[in-house]
Amino acid sequence: MTREKLGKDAIAAALAELGGWSLATDGASIKRSFVFKNFSEAFAFMTRVALAAEKMDHHPDWSNVYKTVDVTLNTHDAGGVTALDIALAKKMNLYFGG
Ligand SMILES: C[C@H](O)[C@H](O)[C@H]1CNC2=NC(N)=NC(=O)C2=N1
C-alpha cells in the first residue's frame with residue numbers, strides 16, 4: 001500500500017464511506033472517538049488494533065480514558081493522510097462493529 005498523500009477530494013470520498021471518522025482541524029489527519037460499554041471492552045479493542053497495526057507497520061496516535069478511545073491517524077512520512085490510514089480506520093470500524 002502506498003504512502004502517497006491523498007488529496008482533499010480523495011480523503012472526502014474515503015470519509016464518506018467510513019462511518020464516524022472526520023478530518024482533523026490540521027487537515028492532515030483523520031480522527032474518531034470510540035465509546036465502549038466499559039474499560040475492558042475499550043482495552044480489548046485497543047489490543048486487537050495494536051496487533052493489526054503492528055502487522056501493517058502503521059500505528060495510531062490514540063488515548064484512552066475509561067471507556068473512550070480517541071484516535072488520530074496520519075502518515076508521518078507523508079505528512080498527511082494516505083491509503084494506510086484509511087485501511088487502518090476501516091479495520092478499527094470493523095473491530096468496533098463486531
Ligand atoms: C519505519 C516504519 O515503517 C515507520 O516509522 C512507520 C511506523 N508506523 C507509522 N505509523 C504512522 N501512523 N505513520 C507512519 O508514518 C509510520 N511509519
Side-chain angles (χ1 to χ4, degrees):
M1 201 169 291
T2 76
R3 285 167 191 262
E4 244 168 73
K5 205 158 109 173
L6 297 175
K8 261 194 176 170
D9 291 350
I11 296 172
L15 287 177
E17 293 187 7
L18 267 178
W21 290 83
S22 60
L23 195 62
T25 47
D26 65 3
S29 49
I30 56 174
K31 62 185 177 79
R32 175 168 182 184
S33 283
F34 294 93
V35 181
F36 296 85
K37 279 202 285 286
N38 51 46
F39 175 74
S40 290
E41 298 275 325
F43 201 80
F45 170 80
M46 292 178 83
T47 303
R48 219 175 155 196
V49 171
L51 295 175
E54 190 62 3
K55 257 192 204 149
M56 292 169 74
D57 190 26
H58 199 66
H59 305 87
D61 295 353
W62 57 8
S63 64
N64 160 238
V65 177
Y66 179 37
K67 59 182 184 172
T68 299
V69 180
D70 290 320
V71 184
T72 301
L73 299 178
N74 95 326
T75 302
H76 315 139
D77 308 356
V81 178
T82 68
L84 274 169
D85 299 303
I86 304 303
L88 186 53
K90 262 187 199 153
K91 204 158 269 189
M92 287 192 184
N93 277 12
L94 193 70
Y95 291 169
F96 183 64

Notebook entry, point to check: So do Phe43 and Val69 actually touch side chain to side chain, heavy atoms under 4.5 Å?
Noted result: no

Next item on the list: Report yes if some heavy atom in the side chain of Ile86 is under 4.5 Å from a heavy atom in the side chain of Trp21; otherwise report no.
Entry: no

Margin query: Using 0.5 Å steps for rounding, measure from the OG1 atom of Thr25 to the NZ atom of Lys31.
Written below: 7.0 Å

Next item on the list: Indicate yes or no: at least one non-hydrogen side-chain atom of His59 is less than 4.5 angstrom from one of Asp57.
Entry: yes

Note to self: Testing the basics here: between Val49 and Trp62, what is the closest heavy-atom pair and its distance to 0.1 Å?
What the structure shows: CG1-CZ3, 3.5 Å

Margin query: Closer than 3.5 angstrom, by distance alone: can the side chain of Asn93 be matched with the main-chain N or O of Leu18 as a donor-acceptor pair?
Written below: no

Notebook entry, point to check: In terms of hydrophobic clusters joined by side-chain contacts under 4.5 Å, are Val35 and Phe45 together?
Noted result: no

Check: Can you tell me how far the OG1 atom of Thr72 sits from the CD1 atom of Ile30, to the nearest 0.5 Å?
Finding: 9.5 Å

Next item on the list: Would you give the length of the straight line joining atom NE2 of His58 to atom CG of Asp77, rounded to the nearest 0.5 angstrom?
Entry: 8.5 Å

Next item on the list: Side-chain contact test, heavy atoms from C-beta onward, threshold under 4.5 Å: evaluate it for Thr75 versus Lys5 and give yes or no.
Entry: no

Note to self: Determine whether a donor-acceptor pair (N or O, by modelled atom type, separation under 3.5 Å) exists between the side chain of Asp85 and the backbone of Thr82.
What the structure shows: yes

Checklist line | Exercise: identify the closest heavy-atom pair between Gly20 and Arg32 | finding: O-CG, 3.5 Å

Margin query: Between Asn64 and Thr68 (side chain of the first, backbone of the second, donor and acceptor by atom type, cut-off under 3.5 Å), is there such a pair?
Written below: yes

Margin query: Is the shortest side-chain heavy-atom distance between Arg3 and Leu84 below 4.5 Å?
Written below: yes

Check: Near Asp9 CG, under 6.0 Å, is it more than 12 heavy atoms from other residues, nucleotides or ligands?
Finding: no

Check: If every non-hydrogen atom of Asn74 is compared with every non-hydrogen atom of Ser29, which pair is closest and at what distance?
Finding: CB-CB, 3.5 Å

Next item on the list: Might you point out which heavy atoms bring Ala87 and Met56 nearest each other, and give the distance in Å?
Entry: CB-CE, 4.0 Å

Note to self: Taking Phe96's backbone N and O only, do any of them form a donor-acceptor pair with Arg48's side chain (distance below 3.5 Å, no angle check)?
What the structure shows: no

Note to self: Would you say that His76 contacts Asp61 through its side chain, given a criterion of any heavy-atom pair below 4.5 Å between the two side chains?
What the structure shows: yes

Note to self: Please determine whether ring pair (Phe, Tyr, Trp, His ring centres under 6.0 Å) holds for the pair Tyr66 and Phe36, giving the CA-CA distance in whole Å, both sets of side-chain angles, and the decisive distance to 0.1 Å.
What the structure shows: CA-CA 9 Å; Tyr66 179 37; Phe36 296 85; over 10 Å; no

Next item on the list: Calculate, to the nearest 0.5 Å, the distance between atoms CG and NZ belonging to Leu88 and Lys55 respectively.
Entry: 13.0 Å

Notebook entry, point to check: Where is the tightest heavy-atom contact between Pro60 and Ala53, given as atom of each residue plus distance?
Noted result: CD-CB, 3.9 Å

